[in-house]
Amino acid sequence: MQSVSGYFLLLDSRTEALTSKFITTGIDHRGKSLNSGETNWNEITRMAKSKNCLGVIAVLREHAYQCFASDRRNGEDDRQPPLGTISQVVIDGMLAAIAAQPHLVLIHEAVLGGAAIHEGVEVESDEDASYDEWSDKAARDHFGDIDEHVRLRANERLSEAGINTTPYRRNADASMLSLGFIEDQQSNLLFRLYVPAGRLYENESADLLRLFHEWLTSVRGMNVRQGGYTTARGRVIEFFAENRSDASGLHGEMQRFQAFLALVEHPLEAEQLLVGMGVNLQRASSIVSQYAKRARRLQIDVKHERERRSLDIRQQLESELLDEIPSQSGTAISQVVDMLLPNEPQLLEAPARRHLSAAPYLIINQQFITRAEGIIAQNIAGDAIQGKQANELQALIAHHADTAEQGDLLNSLREFLDGSAPVNGRLKAKQRLKGFLLSIGDKAGQVGVNLLQAWIEKQLGL
C-alpha cells in the first residue's frame with residue numbers, strides 16, 4: 001500500500017479504532033465538530049476544499065439535521081426550526097465541499113429513516129439484544145423520533161448537494177465502514193465489479209476488463225493495477241490507481257476505449273483517434289493492429305457463448321413451457337430468445353433489458369412471454385440472486401432506483417449474497433442496500449421495505 005500524503009477530515013466521527021488506524025499507518029487526520037457555530041463550519045469548508053484533504057468521514061446526528069432543515073425559502077411554512085447561527089450560504093458551501101471529495105457520511109437508521117423504520121417489524125427488546133449492540137428500543141430512546149419535516153427536508157438537502165449517505169445501526173459497523181473507506185482511499189480504488197458465476201458473458205466481461213486495463217496502462221500511460229478475488233459463486237474485479245492524479249477521469253477513459261474498439265476494424269480512423277490522443281503514428285498503427293486481433297478473438301468468443309446459451313435457453317423453454325402453452329412454435333421461442341439476449345458484454349454496466357412489448361409484430365401469448373422473460377433473465381444474470389426476499393429486493397431496485405444507480409445496487413446485492421466474499425465487502429454492500437431501502441420507504445410501502453431491511457440485517461449475522 002502506497003504512502004499517503006495529506007489528511008482525512010473527521011466530522012464527529014473520531015473513534016478509538018480510527019485513531020489506532022491512523023497511528024499505525026502514520027496518516028494525518030483532523031477532527032472537527034458539527035455541533036458548533038458558523039466560524040467552525042467555515043473552517044470545515046476550508047479544510048474539505050484543501051488539495052491535501054484525502055477524504056471526509058462524517059457522522060450526522062440530529063443537530064446537523066436541524067441545521068440542514070433550517071433553510072427558509074419563499075412559500076415554506078413556519079414549522080421549520082430557527083436557523084440559529086448557521087446561515088444557508090455556509091451550509092451550502094460546506095455540503096458542496098464535502099460532496100466534491102471522497103466521502104463517507106454515516107447516519108444512524110433512527111435518524112435517516114425516522115420512526116417509520118420500525119413499522120410492521122417486531123421490535124427487539126433489551127433482553128433480545130446482545131451485549132455489544134443496541135436494541136431497537138435503545139436506539140429510539142437515544143435518538144428519539146426525529147420530526148418528519150426535519151428528517152425529510154435534511155435528507156432532501158443532502159441528496160441535492162450530491163452527498164452519498166450510508167446508514168448504520170451499530171457503532172461497530174460504523175467503525176468497520178470507516179476503516180474500509182480509509183483503505184479504499186489509501187489504495188486509490190477506482191471501481192469494483194462483482195461478476196456472478198453463470199452470468200451471460202461472465203468470462204468475456206472479465207476479458208474485456210483485462211483489455212481495458214491494458215489500454216489504461218500501455219496506451220494511456222496510467223499507473224493502474226488490477227486486483228480482486230474469486231469465490232465459488234462469483235468474482236470481484238477491482239482497479240486501483242497508484243497515484244491520486246490517476247484516480248479521476250475513469251469514465252472518460254472508458255468512453256475513449258469503447259470508441260477506439262468500435263473503430264479497430266477501420267485502421268485509418270482508429271489510428272487518427274490515437275494520434276489525436278498524442279500517440280505517434282508508427283506506434284498508433286501497431287496498437288490498432290494488436291487490438292484489432294484481440295477484439296476479433298473476443299467477438300468470436302462472445303458469438304460462440306451467445307449461441308451456446310441461446311440453445312440451452314430454447315431447450316429449457318421448450319421442456320418447461322411447451323406442454324403448458326402448446327401454441328407457441330419453435331420459431332416464436334427462437335424470436336423471444338434472440339430479442340432478449342444481449343449481443344455483447346457491457347463494460348461495468350448491467351446489460352440493458354429489452355421488453356417484448358416493444359415488438360408488436362410478434363404475436364405471442366402474454367403468459368408465455370412472462371414466463372420466458374423470467375427464465376431468460378436468470379440466464380443473463382447468473383445464479384447470484386436467489387430466494388424470495390432477494391428477488392423482491394431486485395424488483396424494487398429495477399422499479400425505484402435511478403438508471404445510473406441500478407448497476408451499483410445490483411452489484412452490491414450479488415456481493416452481499418455471496419457468503420464466501422470478505423466481510424468488509426459484504427458489509428459495505430449491505431449498508432448500500434439498506435440505504436436504498438430507507439430512501440424508498442414512502443414510495444414502495446414502509447412495512448414491506450422494513451421486512452426486507454430486517455431480512456438483510458439477519459443474513460449471517462452481518
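Note that the structure is predicted; figures quoted are calculated from it, not measured.
For the pair Met47/Glu43, a side-chain contact is recorded, criterion being any heavy-atom separation below 4.5 Å from C-beta on. You'll find the side chain of Leu10 stays beyond 4.5 Å of the side chain of Arg30, heavy atoms only. Looking at Asp207 and Leu211, their side chains never come closer than 4.5 Å, going by heavy atoms from C-beta outward. Under the 4.5 Å side-chain criterion, counting only non-hydrogen atoms from C-beta, Tyr65 is not in contact with Arg153. Considering only heavy atoms from C-beta on, Leu95 comes within 4.5 Å of Phe68 through its side chain. No side-chain heavy atom of Leu193 sits less than 4.5 Å from a side-chain heavy atom of Val236. Leu106 places a side-chain heavy atom less than 4.5 Å from the side chain of Leu104. Side-chain contact between Ser205 and Arg210: absent, with no pair of heavy atoms (C-beta onward) separated by less than 4.5 Å.
A donor-acceptor pair is defined here as one N or O able to donate and one able to accept, closer than 3.5 Å; no such pair exists between the side chain of His108 and the backbone of Arg61. Remark: the backbone N or O of Ser33 is paired with a side-chain donor or acceptor of Ser36 at under 3.5 angstrom. Checked by atom type and distance alone, the side chain of Arg306 pairs as donor or acceptor with a backbone atom of Asp338 at under 3.5 Å. Panel note: side chain Ser159, backbone Asn155; no donor-acceptor pair is recorded below 3.5 Å. The backbone N or O of Ser87 lies less than 3.5 Å from a partner atom in the side chain of Glu38, making a donor-acceptor pair. A donor-acceptor pair under 3.5 Å links the side-chain atoms of Thr217 to the main chain of Glu214, judged by distance alone. Side chain of Asp28 to main chain of Phe8: no donor-acceptor pair is present (N/O by atom type, distance under 3.5 Å, no hydrogens or angles). Within the 3.5 Å criterion, the main-chain N or O of Arg414 finds no donor-acceptor partner in the side chain of Arg233. Here the side chain of Asp184 pairs no donor or acceptor atom with the backbone of Leu189 at under 3.5 angstrom. Counting only distance, with no hydrogens or angles, the side chain of Arg426 and the backbone of Phe416 share a donor-acceptor pair below 3.5 Å.
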When you look at Arg314 and Ser310, which way does the side chain to side chain donor-acceptor pair (under 3.5 Å) test go after all the steps? CA-CA 6 Å; Arg314 287 201 306 270; Ser310 177; 2.8 Å; yes
Go through the steps to decide whether Val111 and Arg151 satisfy the test side-chain contact (heavy atoms from CB on, under 4.5 Å), and finish with yes or no. CA-CA 7 Å; Val111 175; Arg151 182 183 71 84; 6.0 Å; no
Does Arg432 form a side chain to side chain donor-acceptor pair (under 3.5 Å) with Asn164? I'd like the steps, not just the answer. CA-CA 10 Å; Arg432 178 168 178 77; Asn164 299 312; over 6 Å; no
When you look at Tyr291 and Lys293, which way does the side-chain contact (heavy atoms from CB on, under 4.5 Å) test go after all the steps? CA-CA 5 Å; Tyr291 275 78; Lys293 184 184 299 184; over 6 Å; no
Determine whether Thr166 and Leu177 satisfy the following criterion, side-chain contact (heavy atoms from CB on, under 4.5 Å), listing intermediate values before the conclusion. CA-CA 9 Å; Thr166 301; Leu177 290 165; 4.0 Å; yes
Go through Lys434 and Glu109 one step at a time and tell me if the salt bridge (Lys or Arg N to Asp or Glu O under 4.0 Å) criterion holds. CA-CA 9 Å; Lys434 293 191 74 174; Glu109 293 173 14; 2.6 Å; yes
Could you please spell out the steps behind the side-chain contact (heavy atoms from CB on, under 4.5 Å) verdict for Arg256 and Arg220? CA-CA 10 Å; Arg256 292 187 187 96; Arg220 301 296 290 159; 4.0 Å; yes
Working note: Glu238 + Arg225, criterion salt bridge (Lys or Arg N to Asp or Glu O under 4.0 Å); need CA distance, chi angles, decisive distance, verdict. CA-CA 8 Å; Glu238 299 172 321; Arg225 59 186 173 86; over 6 Å; no
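For the atom pair CZ (Phe240) and CG (Leu190), the distance works out to 8.5 Å, reported to the nearest 0.5 Å. Of the inter-residue distances, the one linking Ile98 atom CD1 with Ile57 atom CD1 reads 12.0 Å to the nearest 0.5 angstrom. Rounding to the nearest 0.5 Å places CG of Leu298 at 11.5 Å from CD of Glu305. Rounding to the nearest 0.5 Å places CD1 of Ile287 at 11.0 Å from CD of Gln282. For the atom pair Gln101 CD and Lys49 NZ, the distance stands at 11.0 Å (nearest 0.5 Å). The structure places OG of Ser175 at 9.5 Å from CD of Glu16, a figure rounded to the nearest 0.5 Å.
For Asp408 and Arg192, the salt-bridge test fails: no basic side-chain N is under 4.0 Å from an acidic carboxylate O. Salt bridge annotation for Arg297-Asp301: present, with a cationic side-chain nitrogen under 4.0 angstrom from a carboxylate oxygen. Checked for salt-bridge contact, Arg157 and Glu160 miss the test: no charged N lies under 4.0 Å from a carboxylate O. Salt-bridge formation is not detected for the pair Lys428/Asp173: no Lys NZ or Arg NE/NH1/NH2 atom is positioned less than 4.0 Å from an Asp or Glu carboxylate oxygen.
Considering all non-hydrogen atoms of both residues, Leu216 and Glu253 come closest at CD2-CB, 3.7 Å. Contact record, Val264 with Val288: O-CG1, 4.1 Å, taken as the closest heavy-atom pair. When every heavy atom of Ala69 is checked against every heavy atom of Ala154, the shortest pair comes out as CB-N, 4.3 Å. Closest of all the heavy-atom pairs between Ile86 and Cys67 is CG1-SG, 4.2 Å. When all heavy atoms of Val59 and Ser13 are compared, the closest pair comes out as CG2-CB, 3.7 Å. Smallest separation of non-hydrogen atoms from Leu209 and Ile237: CD1-CD1, 3.5 Å.
Between Tyr7 and His29, the distance separating the two ring centers is not shorter than 6.0 angstrom.
Applying the salt bridge (charged side-chain N to carboxylate O under 4.0 Å, His left out) rule to pairs touching residues 270-284 yields nothing, sequence neighbours excluded.
Ring geometry for Phe191 against Phe239 counts as tilted: the plane angle lies between 30° and 60°, on a 0 to 90° scale.
Under the ring-ring contact (aromatic ring centres under 6.0 Å, His included) criterion, Trp41 pairs with no residue at all, not counting sequence neighbours.
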